[in-house]
Protein chains: 2
Amino acid sequence: MSGRPPDADSSGPVDPTDVDADQALVRGEDPPSRREPLSRERIVDSAVDYIDAHGLPSLTMRRLGQELGVEAMALYRYVPGREDLLDAVAGSVINEMEHDDEVVDQPHDGWQDFLQRLAHGVRRVALRHPKVFPLVASRPPEAPWLRPPLRSLDWVETFLAGLHAAGFSDRAAVSAYRSFTGFLLGHLLLEVANLGADLGPLDVIEDAEEPSPRELSAGYTHVARLRGMLSEDHAAEEFEEALEELLDRIALMLQLDARADEGPASP
Amino acid sequence: MSGRPPDADSSGPVDPTDVDADQALVRGEDPPSRREPLSRERIVDSAVDYIDAHGLPSLTMRRLGQELGVEAMALYRYVPGREDLLDAVAGSVINEMEHDDEVVDQPHDGWQDFLQRLAHGVRRVALRHPKVFPLVASRPPEAPWLRPPLRSLDWVETFLAGLHAAGFSDRAAVSAYRSFTGFLLGHLLLEVANLGADLGPLDVIEDAEEPSPRELSAGYTHVARLRGMLSEDHAAEEFEEALEELLDRIALMLQLDARADEGPASP
DNA sequence: ACCTGAACACCGTTCAAGT
DNA sequence: ACCTGAACACCGTTCAAGT
């Protein structure tokens, strides 16, 4: 079965004297007067849903229009084009963290807790939208001082303000921002890739491509032997461990930074 | 200027009695008999060059055919389709490391040196092909036990065999493989993204999208203040530092692993 | 004000036909 | 054996026209 949505017209005869509106009613669509009007937000949300369900390559302006009960051309009143829509999609999912109660705006229990919550918030977004996350990860951000996956002004501000309030120097906060984003990007992209994220619906995969055991044992002795171990999914524990280590490293950097601030004349 | 290649026919009158071959000669093309035959390798190499030059979105089967002096349909004798071609492209650039003399097959100076060389080899690939690297990073690998960016059986085997030879236990080698890939993916993807990697030719960017300073100062006080510092490019040093830290972590893990092997009955 | 029809310049891919 | 022409079912996007 392909990703194409089923054609609702194909089941049963339709009186050809019906006017368009009546045919629409037969098909179960709301008449134009009753359906809520299009808006940029509704379009972006619908695009997120569509990618979650069918994968990025399946999202076309025409199919998205169909999803919204509208012709593709109508979308262009609210969105400049497909590329901008994808940017908006990436921004939208990362901003879902705004409604995540575990994620806080201000450190109230130390910066480590603050960053822990933030990291887990991003991870929840990635796992909720595994097919959208590669977009968050690899679309070029709108400014060189935004780095994926924290690719919105709001969250970078929250990050920096939080660390500032926790006593970080500017230098230390920026340094932490860099290592934090690198950490999130690597771990979460691997995690969603392992989920088979990139491609569309799973119907194409057919997992028939795996190298045969015969092929493997010829030369790839280590891979063959460790196959099982390599396939084990330890994403969650790995994430926790690596996050702890990252926080330790930041704490260390913080000490060095503070010492440098006291003045370079110390023993 | 768009990415579309210029039409060579458009400059000057052409005698309509010329046969196709002569017109081809006028255009400076080799006659079919003289040009070297198509091959999967030539197609993949050409695709890499094309993406390097014009970006992934600009690569179409038709334009790639044109680049090779052939109609698009001819490509399908050597490549099953566009998606498979992109997989081959990702595999091809990562395998460029085969010809990188700094990268070694066997650890001859300790595993740390071995991993240092491997990491820098992958980084050189990423910097040589910044527009291809997102493909290496986010295409789902052909088996669940291959993780980007080390997405080829050959390199995973080299990695595992190398650490094995250096005395790593299976468990330790697999654990190192996981953290190594996570590290590379995060850092290199950020680095190429910062280079403006994803999109096509630079002619579309026009850097007109940056939020205005006025907009910034309203609410985004920390981002505004740290703008300059955030834009600084420390990719190279960051990579070295983070790599050192990763190797330290692996060394630590190695000790714990060895101790666990001696038997859990130790004091 | 909001949406659609028709059109344009593209796509990927198949397959019978040419050399 | 290797490539092409013609065709099919799609794309994104524009714009005049409809309600």
Side-chain angles (χ1 to χ4, degrees), chain A residues 2-7 19-24 29-43 46-47 50 54-89 199-200 204, chain B residues 2-7 10 19-24 27 29-43 46-47 50 54-89 199-200 204:
Chain A
S2 143
R4 191 128 27 92
D7 184 359
V19 289
D20 277 357
D22 287 348
Q23 290 197 3
E29 294 170 11
D30 282 337
S33 54
R34 290 197 48 203
R35 78 184 175 219
E36 63 180 313
L38 234 37
S39 73
R40 187 178 161 91
E41 199 196 349
R42 231 158 68 77
I43 293 174
S46 188
Y50 198 92
H54 306 105
L56 178 56
S58 299
L59 179 75
T60 70
M61 299 300 277
R62 290 167 131 107
R63 296 219 263 252
L64 184 56
Q66 206 165 154
E67 206 78 354
L68 289 159
V70 119
E71 300 298 318
M73 312 86 192
L75 304 177
Y76 288 86
R77 288 204 108 55
Y78 303 90
V79 162
R82 187 175 188 263
E83 292 300 299
D84 307 75
L85 174 58
L86 295 184
D87 284 335
V89 163
L199 279 161
V204 193
Chain B
S2 143
R4 190 128 28 90
D7 184 0
S10 61
V19 289
D20 278 356
D22 288 347
Q23 290 196 2
R27 276 187 252 117
E29 293 170 10
D30 283 338
S33 53
R34 289 197 48 204
R35 78 183 176 220
E36 64 181 312
L38 234 38
S39 74
R40 189 179 159 89
E41 199 196 350
R42 232 159 69 75
I43 292 174
S46 188
Y50 197 93
H54 306 105
L56 178 56
S58 299
L59 179 75
T60 70
M61 299 302 276
R62 291 169 131 105
R63 297 219 264 252
L64 183 57
Q66 207 165 153
E67 206 78 356
L68 290 157
V70 119
E71 299 299 318
M73 312 86 191
L75 304 176
Y76 288 85
R77 287 204 110 54
Y78 303 90
V79 162
R82 185 175 190 265
E83 292 300 298
D84 307 75
L85 175 57
L86 295 184
D87 284 335
V89 163
L199 279 161
V204 194

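So that the names make sense, note that chain A is the first sequence line, chain B the second, and so on, each numbered from 1. Keep in mind that what you see is a predicted model, and the values were worked out from it rather than measured.
Computed from coordinates, the B:Q66 CD to C:dA9 C1' distance equals 14 Å when rounded to whole Å. As rounded to whole Å, 15 Å separates atom P of D:dA17 from atom CZ of A:R77. Distance CG (A:L38) to P (C:dC2): 10 Å, rounded to an integer number of Å. Going from atom CG of B:L85 over to atom P of C:dC11 covers 15 Å, rounded to whole Å. Protein atom CG of A:L64 is 13 Å distant from nucleotide atom P of C:dC3, rounded to whole Å. If you take CD of A:E71 and P of D:dG18, they are 17 Å apart, rounded to a whole angstrom. We find that CG of B:L68 is positioned 16 Å from P of D:dC2, with the value rounded to whole Å.
Minimum interatomic distance between A:A47 and A:V89 (heavy atoms only, all atoms of both residues): CB-CG2, 3.7 Å.
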_Base-pairing string, 5' to 3', of DNA chain C - Watson-Crick or wobble, under 3.5 Å, | interstrand_ = ||.|||||...|||||.||
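For the atom pair OG1 (B:T60) and CD (B:E67), the distance works out to 10.0 Å, reported to the nearest 0.5 Å.
A sub-4.0 Å separation between OP1 or OP2 of C:dC10 and a side-chain N or O of B:R63 is absent.
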Just distance, no hydrogens or angles: give the donor-acceptor pairs under 3.5 Å from side chains in residues 71-82 of chain A, sequence neighbours left out.
from: A:R82; atom 1: NE; to: A:L59; atom 2: O; distance (Å): 3.3
from: A:R82; atom 1: NH2; to: A:L59; atom 2: O; distance (Å): 2.9

Can you pull every protein N or O that's under 3.5 Å from an N or O on nucleotides 13-15 of chain D?
from: D:dT13; atom 1: OP2; to: A:Y76; atom 2: OH; distance (Å): 2.8
from: D:dT13; atom 1: OP2; to: A:R82; atom 2: N; distance (Å): 2.8
from: D:dT13; atom 1: O5'; to: A:Y76; atom 2: OH; distance (Å): 3.4

